[in-house]
Protein chains: 2
Amino acid sequence: MEQESRLSGSQRPGGRTARVRAAVLEATQDELVERGFHGLAMDQVAARAGVGKTTVYRRWGGPAGLVADLMDSLATESAPHADTGTIEGDLLENARNVLGAITDARLGATFQAVIAAATCDEEASRALHGFYTRRIEEWARVVDLAVERGELPAGTDGGEVIRAVSAPLYYRLVVTREEVTGDVAARVAGQVLAAARAGAFVRART
Amino acid sequence: MEQESRLSGSQRPGGRTARVRAAVLEATQDELVERGFHGLAMDQVAARAGVGKTTVYRRWGGPAGLVADLMDSLATESAPHADTGTIEGDLLENARNVLGAITDARLGATFQAVIAAATCDEEASRALHGFYTRRIEEWARVVDLAVERGELPAGTDGGEVIRAVSAPLYYRLVVTREEVTGDVAARVAGQVLAAARAGAFVRART
DNA sequence: TTGCTAATGGAACAGGAGTCCCGTTTGTCG
DNA sequence: CGACAAACGGGACTCCTGTTCCATTAGCAA
């Protein structure tokens, strides 16, 4: 249960190792869609990926390690921030981006699985934290650009703005378990925009 | 796996049944704090509660049923909305209330466990949905009162406002896995207040 | 108090997840 | 091309979760 950096630090990152990882992560996502995190059996994943059960246990340790690595792999392919020209458009784009991720069967199941895993596993928790830290940083730039354009007050905290847009969508998905629609996404973007324009997201003076 | 209404509809709700339920739910919470949802073993719960393993399986069916019932029991003891006299104070109070719930070791672990359970179990999902539906309705009243006092524009959607305050806190807890502090709670309450005053939460005309 | 029945408890049983051992395959380097 | 080492694969084994059966206890009502 303590094999680190299975990604980059491999001593032999040759063809097979990478192939196995790809096949296993692919199979993991499929299983998550069909059975959810609690139903994620290493057995099944190994069989579906066409690799030995031993290999999966050796490299990932358990279901949590599996979803943590899956999250890491998703991090490398996450989309860059939008640039529609206005902060209104960019925030709406961010909301739609989140909406798309959580309504997509494959991605949605994956995110929920990692969230579930993170509640009881330190490794999955770190993977999740890292993923969103990067994503928020990336999208926070649209706020900085808006400030430069004079659309928003100087000192507006971009990370906070992006969090404020994303949070209500995830909140509905995993906490209140309400349906998340395009309407909700649009409303939320509008609400946050209003608060940002009013200067509610300006950083406190140090 | 289909024994309904173990709460109210019992044909014999006498002393022992209620005692057993209380002991089991108590033990469940303890186990959740120590091991999390994935580590919730019916065995352990039964032993800690001092009841037979068979009883726990019979009445709750599985770990998910256990946390679902726990959620239902928490619903009955959730606090009524605040009434500080100003919407600013009430929203801050709501933020602090959420903050208190998720930072409390016992409650925080419980909520995270139910959230994890809900990602893969329909029953837990319904319990969670019901709990927050009630809670949001309850606290939405502070917004209605504020509208009556003239603090906020007519037509402001109370449920949306409460969600907007609560969401960023839960988002940090379960999604981005950032620390949630009193600072964050206060900031969020302020941001939502600004948006509400600007009329961003006014319902669309039908 | 007495009997009925719901509810509980103990113990044996079954199924599956996770671990271990060792032989086999496959990159990689000289 | 050849050898070494890392990584993989299969199968047996163990332990624990969840189920089933039946005896026992304890509410409830007459």
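Note that these values count all heavy atoms, side chains included, but never hydrogens, waters or copies made by symmetry. Sequence lines set the chain letters: A, B, ... in the order given, protein chains first and strands last, and positions in each chain run from 1.
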Does [N] have its OP1 or OP2 closer than 4.0 Å to a side-chain nitrogen or oxygen of [X]?
X: Arg58(A); N: dA6(D); answer: no
X: Arg19(B); N: dA26(D); answer: no
X: Thr55(B); N: dG9(C); answer: yes

If you measure from CZ on Arg21(B) to CZ on Arg59(B), what distance do you get to the nearest 0.5 Å?
->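 Here the interatomic distance stands at 7.5 Å.
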Atom [atom1] of [X] and atom [atom2] of [N]: how far apart are they, to the nearest Å?
X: Arg21(B); N: dT8(C); atom1: CZ; atom2: C1'; value: 17 Å
X: Trp60(A); N: dA17(C); atom1: CH2; atom2: P; value: 18 Å
X: His38(A); N: dA17(C); atom1: NE2; atom2: C1'; value: 14 Å

Any donor-acceptor pair under 3.5 Å joining the side chain of Thr17(B) to the base of dG27(D)?
->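 In this structure, the two groups form no donor-acceptor pair.
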Side-chain donor or acceptor of Lys53(B) under 3.5 Å from a matching atom on the base of dT17(D)?
->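 Answer no: no donor N or O sits under 3.5 Å from an acceptor.
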Heavy atoms from C-beta onward define the side chain here; which of [options] lies closest to that of [X]?
X: Tyr57(A); options: dT19(D), dA17(C), dC8(D); value: dA17(C)
X: Met42(B); options: dG18(D), dT8(C), dG9(D); value: dG18(D)
X: Val20(B); options: dT8(C), dA17(C), dG9(D); value: dT8(C)

DNA chain C: Pro63(A) or Thr54(B), which has the more 5' nearest nucleotide?
->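 So the residue in question is Thr54(B).
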With distance as the sole criterion, is a donor-acceptor pair present between the side chains of Thr86(A) and Glu88(A) under 3.5 Å?
->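 Short answer, no.
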State, yes or no, whether a side-chain contact exists between Arg135(B) and Val98(B) at a heavy-atom distance under 4.5 Å.
->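 Yes - at least one pair of side-chain heavy atoms lies under 4.5 Å apart.
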